[in-house]
Amino acid sequence: MPTEEELIFQRRKKRDLLRHSKYEAYPPRVWRGRINCSVAVARFESAERRSSLIDEGMMSQHVTLAGRVLAIRNMGSRAFVDVRDGTAKVQLNLGREAVFSDTKRPSQKAKWQSEVGIGLNVLDVGDFVQAYGRLFRTRLGEVTLQVESWGLLTKTLRPLPDKWHGISDVETRYRQRYLDLIANERSREIALLRTKVLAAVRLFYIKRDFIEVETPVLQDEAGGAAARPFITHHNALDRDFFLRISLELHLKRLLVGGFDKVFEIGRVFRNEGIDRRHNPEFSLLESYEAYTDYLHVAKMVEDLYRFVAMQVRGTLQIPFGEEIIDLGVPWARITYRDALRKYAGFTYSESTTVDDLRGIAAGHRIATEASDSKDTILDKLMSELVEPQLIQPTFLLDYPSELSPLAKKKPGFPDTAERFELFVLGYEMANAYSEQNDPDTQRLSMLDQAFKAAEGDEEVEIADEDFLTALEYGMPPAGGLGFGIERMVMLMAGEPSIREVILFPAMRDNQR
RNA sequence: GGGCCCGUAGCUCAGCGGUAGAGCAGUGGACUUUUAAUCCAUCGGUCCAGGGUUCGAAUCCCUGCGGGCCUACCA
């Protein structure tokens with residue numbers, strides 16, 4: 001009677017049948033001595049290699065395994081049940097005598113044999129079971145547990161997705177990620193890849209004597225980046241807080257405080273659009289190293305990406321769609337101005353006027369606002385004409401200082417900031433500065449940003465007086481770096497969608 | 001925000017103006033080593049929602065909701 005309700009009803013009935021027979025549907029404990037499926041298989045195969053198997057290929061030692069039932073093949077006199085834990089899948093072979101027994105020790109065989117009557121009839125795909133027995137290899141070569149005793153660990157009420165096709169509905173995969181993880185190996189791989197990336201990044205920094213710190217998510221001012229923040233409310237204080245949009249200003253306070261090398265991997269929140277590459281919350285990495293500059297950081301980023309790639313992929317050549325991203329060769333370095341000349345085909349100089357730029361933009365059908373400054377139009381030209389062409393890893397160096405309010409100016413070039421952005425596959429992957437540590441200069445550029453905000457530009461740096469006060473106590477010269485972890489995972493996984501590398505991506509309400 | 005596409009059984013999908021279908025899962029049965037087990041039988045639907053056109057709508061049209069891709073802004 002399989003409407004969804006009826007499928008659930010069937011399973012509840014099986015659960016009740018168990019309960020009436022004094023068996024637990026949700027026992028609190030697993031039999032002692034349980035081992036991972038992968039360990040059991042490894043031990044069996046090692047015993048095979050040592051040729052120490054007795055009883056015609058059967059392992060001499062008993063093991064207890066537990067996991068979720070993926071498939072049941074009932075042959076009448078006996079049944080094969082595929083069971084998977086978090087490490088591997090193992091096939092169970094059950095004879096007719098097998099019954100459920102949670103309350104009996106496996107060794108009390110005589111007792112539970114007399115209770116035949118509860119068995120496969122209460123078992124469904126999706127249930128968690130435990131099983132005790134000895135491993136052997138079947139005629140077709142699969143390592144299999146000859147079950148002597150088994151029991152239910154968790155009765156599942158809802159049917160699992162189709163065992164062959166899995167879950168392919170993208171919406172279901174995101175909204176009910178647990179089903180995706182059960183059914184689709186690729187989703188598991190990506191989730192595991194992400195944890196490996198995080199571990200590798202941490203290892204990289206820790207090996208370089210950075211300390212990992214944590215700074216506030218709830219902030220008076222959401223600074224350190226140009227983005228619209230989320231606002232939330234604190235009841236006891238009866239005041240609003242901003243959710244952070246970057247980690248920058250607090251990490252720099254720690255440089256003031258005397259830590260030379262700090263990094264943080266933290267969730268930040270940006271109140272902006274949702275699309276294939278943007279989720280409202282994402283994991284940002286930022287690191288700051290005193291007594292270095294942005295060129296040192298560039299070298300470090302190259303090392304970091306190579307280290308992570310080797311740790312998680314074992315290679316420096318990462319396939320991505322049609323492309324193979326080669327992290328191994330020295331990465332291209334080109335200045336902002338040279339990139340414009342090379343890719344956009346025009347030479348920018350101090351004498352270039354706003355109207356010149358506007359004309360060039362119009363020639364490429366790039367929309368500009370009347371209020372756009374020279375640098376804003378330049379940035380639009382870069383985004384449209386240059387960045388999409390930067391497929392292999394490329395450092396774009398020396399940005400217009402007006403677009404870089406937190407960066408130090410290049411000595412002798414007041415319009416140029418000591419800043420680079422890293423581009424791969426046409427997208428910004430990292431952003432770094434020689435950090436501005438002149439408090440008065442920093443205040444002026446922040447006030448300039450505030451002025452723009454007053455003119456209606458919502459995405460500008462805010463003036464954070466508390467941060468400026470910290471700078472007045474003196475921050476050592478430092479190279480700083482920021483990049484989105486998701487972008488890095490997407491690259492390492494070869495996945496073009498951010499939603500594939502976030503376990504629970506933001507979704508609209510659905511009232512289905 | 002704009003353009004294109006999608007939404008049918010628990011899952012994967014077909015049907016695209018004329019009685020809502022298949023495989024898997026479920027239920028009942030057969031089967032002494034299966035591998036998406038097989039075989040027989042069987043149950044199962046707000047065809048995303050609402051409106052319209054039509055003798056008749058899952059199918060055509062409109063609106064809404066949700067999703068995907070492309071596109072614009074942000075990492």
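Just so it is clear: chains get the letters A, B, ... in the order the sequence lines come, proteins before strands, and each one is counted from 1. The model shown is predicted, which means the values in this text are computed figures rather than measured ones.
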Pairwise [atom1] distance for [N] and [M], with rounding to whole Å:
N	M	atom1	result
B/C60	B/U54	C1'	10 Å
B/G56	B/G67	P	35 Å
B/C62	B/G3	P	13 Å
B/G50	B/C65	C1'	11 Å
B/G44	B/A22	P	12 Å
B/U12	B/G68	P	15 Å
B/U38	B/G23	P	12 Å
B/U63	B/C5	P	14 Å

Practice task
Could you check whether A/Phe483 and the base of B/A75 form a stacked pair, meaning centres closer than 5.5 Å and planes differing by less than 30°?
Solution key: no

Exercise for the section: Go through the structure and list residues passing side-chain hydrogen bond (donor to acceptor under 3.5 Å, both in side chains) with A/Arg15, not counting sequence neighbours. Expected result: none

For [X] and [N], what is the distance between atoms [atom1] and [atom2] respectively, to the nearest whole Å?
X	N	atom1	atom2	answer
A/Ile167	B/C24	CD1	P	18 Å
A/Asp162	B/A9	CG	C1'	13 Å
A/Lys14	B/A25	NZ	P	12 Å
A/Glu4	B/U8	CD	P	13 Å
A/Asp275	B/C73	CG	C1'	9 Å
A/Ile182	B/C24	CD1	P	22 Å
A/Asn74	B/G28	CG	C1'	13 Å
A/His165	B/A22	NE2	P	16 Å

With a 3.5 Å cut-off and no angle check, do the side chains of [X] and [Y] form a donor-acceptor pair?
X	Y	value
A/Arg270	A/Ser246	no
A/Glu418	A/Tyr433	no
A/Glu148	A/His62	yes
A/Tyr336	A/Glu421	no
A/Arg267	A/Ser283	yes
A/Arg487	A/Tyr427	no
A/Thr87	A/Asp85	yes

Which atoms of nucleotides 13-16 of chain B (N or O only) lie under 3.5 Å from a protein N or O atom, and what are those distances?
| unit_1 | atom_1 | unit_2 | atom_2 | d |
| --- | --- | --- | --- | --- |
| B/C13 | OP1 | A/Ser168 | OG | 3.2 |
| B/C13 | OP2 | A/Ser168 | OG | 3.4 |

Searching all strands shown, indicate the nucleotide that pairs with [N] (Watson-Crick or G-U wobble; both distances under 3.5 Å).
N	result
B/G1	B/U71
B/C47	none
B/C55	B/G18
B/A37	none
B/C11	B/G23

Practice task
May I ask you to check whether A/Trp331 and A/Phe395 place their ring centres under 6.0 Å from each other?
Solution key: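 Here the rings of A/Trp331 and A/Phe395 have centres that are less than 6.0 Å from each other.
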
Fill in the blank from the handout: From the list A/Glu264, A/Glu281, A/Glu214, A/Glu221, salt bridge (charged side-chain N to carboxylate O under 4.0 Å, His left out) partner of A/Arg244 resolves to A/Glu264

Is [X] touching bases, backbone alone, or none of the nucleic acid, heavy atoms closer than 4.0 Å?
X	value
A/Glu486	nothing
A/Gly482	nothing
A/Glu142	base

When you check the phosphate oxygens OP1 and OP2 of [N], does a side-chain N or O of [X] lie under 4.0 Å from one of them?
X	N	result
A/Lys163	B/A37	yes
A/Arg73	B/U38	no
A/Arg276	B/U71	no
A/Arg508	B/G67	yes

Handout entry: Sidechain-backbone polar pair: A/Ser497 side chain, A/Arg499 backbone, donor-acceptor under 3.5 Å
Key =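 Yes, because the side chain of A/Ser497 sits within donor-acceptor range (under 3.5 Å) of the backbone of A/Arg499.
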
Handout entry: RNA chain B: 5'-proximal contact among A/Asn431 and A/Thr144 (nearest heavy atom)
Key = A/Thr144

Exercise for the section: Using heavy atoms to find the nearest nucleotide of RNA chain B for A/Val125 and A/Gly484 separately, return the residue whose nucleotide is more 5′. Expected result: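 Final value for this comparison: A/Val125.
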
Exercise for the section: For A/Val83 and A/Val90, run side-chain contact (heavy atoms from CB on, under 4.5 Å): C-alpha distance rounded to whole Å, both residues' side-chain angles, the deciding distance at 0.1 Å, then the answer. Expected result: CA-CA 5 Å; A/Val83 168; A/Val90 165; 5.6 Å; no

Fill in the blank from the handout: Numerically ordered, the residues 488-507 of chain A set in heavy-atom contact under 4.0 Å with RNA chain B is A/Ile498, A/Arg499, A/Met507

